[in-house]
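Let me begin by presenting the structure, written as structure tokens, before commenting on it.
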Amino acid sequence: MSQFELSEQEQIRRESLEELRKLGINPYPAAEFKTNITSTEIKKSFHPDKNNLQDVSIAGRLMSRRIMGSASFAEIQDSKGRIQIYLRRDDLCPDDDKTMYNTVFKKHLDIGDFIGVEGFVFITQVGEISVHVKKLTVLSKSLRPLPIVKEKDGKVYDAVSDPEFRYRQRYVDLVVNPGVREIFKKRTRILDSLRTLFNSKGYLEVETPILQPIPGGAAARPFITHHNSLDMPLYLRIANELYLKRLIVGGFEGVYEFSKDFRNEGMDRSHNPEFTVMEIYVAYKDYLWMMDFTEEMIEKVALDLHGSTTVPYNDKEISFKRPFRRISMIDAIKEYTGVDITGMNEDQLREVCNSLDIETESSMGKGKLIDEIFGEKCESHLIQPTFIIDYPIEMSPLCKRHRNNPELTERFELIVNGKELCNAYSELNDPIDQRERFQDQLKLSEKGDNEAMFIDQDFLRALEYGMPPTSGMGIGIDRLAMIMTNQPSIQDVLFFPQMRPEKTEKMDGKEKYLKAGIPEEWVETIQKLGYKTIEKVKMVDKHTKLHQEICGFNKKNSLGLKNPSPDEVAVWLENIKKLI
RNA sequence: CGGCUCGUAGCUCAGCUGGCAGAGCACGUGACUCUUAAUCAUGGGGUCGAGGGUUCGAGCCCCUCCGAGCCGACCA
């Protein structure tokens, strides 16, 4: 790798790396470094009057240094937090040889390096619990400078705020930006909270296929892939609903799965192409039971995470205290538009849409039109958790018909902060009805709805063997994490949100330049001047221009090379033109 | 897919009406034995996202492209 491509700071770090090796210090040692404490444990458990923690060993990343001649303060950051360390030359180097302090620590260690220290805990004159270092071990040298983020009195200075930087180099975001690791720890605690609840009820966590021959269970465009030895298309799952119901057919009472789903659709602050959904199915229950269970579940998550049912979100506060408001879809539409759509046919609904300035398409059926009205006029108003219940039958092909009204289904969605969070049904278990519903979907598909569901014959076969009455619920884990951690974008609760690939600039190898007769000593210069490919050199119209640039670069950087003659440069260009 | 905004040193950001490319932190060198956004002195560091155009002269004006964010469209 060419040293020319490195920034000044990177070059200095590489030189330090070499210097450490010359001193017989392996910058990347293999041996385990035994620690016996973490930064937060030290802060929590040190009592000066007890004189405890006199023999600690701790490892982490060097995050700041304040060098004052023969004594220094520094901070190391481990997985739990930061702790200040105090290094004194004559303690670190009790003998005559002061290399470890003067040369290794002061000259060749940098912010970002991993070190291990052993020593005793004390409190400095200004009152900060610190580790007085007696022994220092280099554990891993960092070759790239980290962004420097400073903090005082809880105020953060120079935080890395560029979203592109943060998401593409999440590892850096996690290291330097305070609080980012906390968000992801909380995300995991949400999963733990849910899992604990489900397990306590005796429900079984299962895994079902991600690669599916028929992408079922939701209305969405799938990603498609291909299996070579079977020579058939496979789809990345858009939902796992149909598989979990097969397991209920198989006799489990309750099953749940945390499922990575994939949808080939747009991306925005609440949509990533791959996302996590938790789906749960419980036999002998209905959607009314599931509503109670969902309330219990969400309230528990809020309590486990915040110790409170009130959760701050943006400039609002969201209360997850049971019970949540329950309102039927038709009543919600009445409330926010003043229109009562009870009993309306497709044409009347289309008329309502027009009068409300909602765009419609001819492919939309009755269910889609109602959904459109709700989505446009109601959903965004629902900030506090609200169950919307009893959806029109056309938009819920896997859901049982309402016990009192055949036009409706026993379905609810939980809306929080104007967005769908949960979706649940009394599951349709009548195989004949289910077959007809799939066929209606087929008609929608023929009408041009490219999200209508496929017919899954094997799923129908399973239902024909008999499925007990069952209620199922799905919850968007990413959106739940957003709300519970007060993050504005789904990208903030995914470690690695989907991004366009970074463009890496193409650079030709040396041999291409040599082939054109360019002497080896000039190749780096020419590349440094911006001619990273031989193609780019070819674009030079006058050899004198390139000649001048080369000579200028030679002089400016004191390379001490003998300049080529203009004629020589002209020959290079001719060679290149012949070659390509 | 459309509208708006942004892209300048490792990071955060200035950059006027088009006239030598700037600051703080970081980095190098020197001073300093309890500092904490350490301090003091001093020095280096730039393809101004890429390409083209206008101009005597472009970080700045115009066009094209790339990447990102926000709003909308589509979509759960």
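Chain letters run A, B, ... following the sequence lines, proteins first and then strands; every chain starts at 1.
With hydrogens and angles disregarded, no donor-acceptor distance shorter than 3.5 Å links the side chain of A:E118 to the backbone of A:V133.
Taking 3.5 Å as the limit, the base of B:G44 and the side chain of A:E8 contain a donor-acceptor pair of atoms between them. A donor-acceptor contact under 3.5 Å links the side chain of A:Q84 to the base of B:U35. One N or O donor and one acceptor, one from the side chain of A:E379 and one from the base of B:A76, sit under 3.5 Å apart.
A:D162 comes within contact range of the sugar-phosphate backbone alone, with a heavy-atom separation under 4.0 Å but no base atom that close. In this structure, A:F165 reaches the sugar-phosphate backbone alone: every heavy-atom distance under 4.0 Å involves primed, P, OP1 or OP2 atoms, never a base. Within the nucleic acid shown, A:R88 comes within 4.0 Å of at least one base atom, counting heavy atoms only. Nucleic acid contact class of A:R479 (heavy atoms, under 4.0 Å, all strands): none. Across all strands, A:E151 comes closer than 4.0 Å only to sugar-phosphate atoms, never to a base (heavy-atom distances). Using a 4.0 Å heavy-atom criterion, one finds that A:R144 contacts no nucleic acid atom at all. Nucleic acid contact class of A:R13 (heavy atoms, under 4.0 Å, all strands): none. Residue-level contact check: A:S270 touches neither bases nor backbone, having no heavy atom under 4.0 Å from any strand. Residue A:Q169 is out of contact with every strand shown, counting any heavy-atom pair closer than 4.0 Å. Counting non-hydrogen atoms under 4.0 angstrom, A:Y101 reaches nothing in the nucleic acid.
Side-chain contact check for A:Q169 and A:R144: no donor-acceptor pair (N or O, by modelled atom type) lies under 3.5 Å. Under 3.5 Å, the side chains of A:D78 and A:S39 contain a donor-acceptor pair of N or O atoms. Using a 3.5 Å distance cut-off with no hydrogens or angles, the side chains of A:S396 and A:R411 do pair a donor with an acceptor. No donor-acceptor contact under 3.5 angstrom links the side chains of A:Y86 and A:D91, judged on distance only.
With C1' as the reference atom, B:G3 and B:U8 are 26 Å apart, rounded to whole Å.
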(request) Could you check A:M291 against A:R326 for side chain to side chain contact (heavy atoms under 4.5 Å, CB included), going step by step and ending with a plain yes or no? (result) CA-CA 9 Å; A:M291 243 183 287; A:R326 300 181 184 192; 3.6 Å; yes
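Residue A:K150 places none of its side-chain N or O atoms closer than 4.0 Å to OP1 or OP2 of B:G24. Here A:Q491 does not reach the OP1 or OP2 of B:A68: none of its side-chain N or O atoms lies under 4.0 Å away. For A:R66 and B:A38, the shortest distance from a side-chain N or O to OP1 or OP2 is below 4.0 Å. At B:C71, one or more side-chain N or O atoms of A:R269 fall inside 4.0 Å of OP1 or OP2 (strictly under the cut-off). Contact check, A:K152 against B:A37: a side-chain N or O comes under 4.0 Å of OP1 or OP2. For the pair A:R221 and B:C74, the criterion of a side-chain N or O lying under 4.0 Å from OP1 or OP2 is not met. Contact annotation: A:S64 does not reach the phosphate of B:A26 (side-chain N/O to OP1 or OP2, under 4.0 Å).
Aromatic ring pairs are classed by plane angle as parallel below 30°, tilted from 30° to 60° and perpendicular above 60°; the pair A:F105 and A:Y101 is parallel. Below 30°, between 30° and 60°, or above 60°: for A:H132 and A:F120 the angle between ring planes is below 30°, a parallel geometry.
Nearest to the side chain of A:K107, among B:U12, B:G69, B:U29, sits B:U29. Closest contact between the side chain of A:M68 and the listed nucleotides B:A38, B:U33, B:A37 involves B:A38. Distances were taken from every side-chain heavy atom of A:D268 (C-beta onward) to each of B:C74, B:A26, B:G67; the shortest belongs to B:C74. For A:D371, the listed nucleotide lying nearest its side chain is B:A76; candidates were B:U12, B:A76, B:C27. In this structure, the nucleotide among B:G28, B:G67, B:G10 sitting nearest to the side chain of A:S7 is B:G10. Nearest nucleotide to the A:R263 side chain, out of B:A76, B:U33, B:C13: B:A76.
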Give me the distances for all protein-to-nucleotides 39-42 of chain B N/O pairs that come in under 3.5 Å?
none

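Both A:S489 and A:F374 lie near RNA chain B, and the one whose nearest nucleotide falls closer to the 5' end is A:S489.
The pair A:R237-A:E257 meets the salt-bridge criterion, with a side-chain N (NZ, NE, NH1 or NH2) lying under 4.0 Å from an Asp/Glu carboxylate O.
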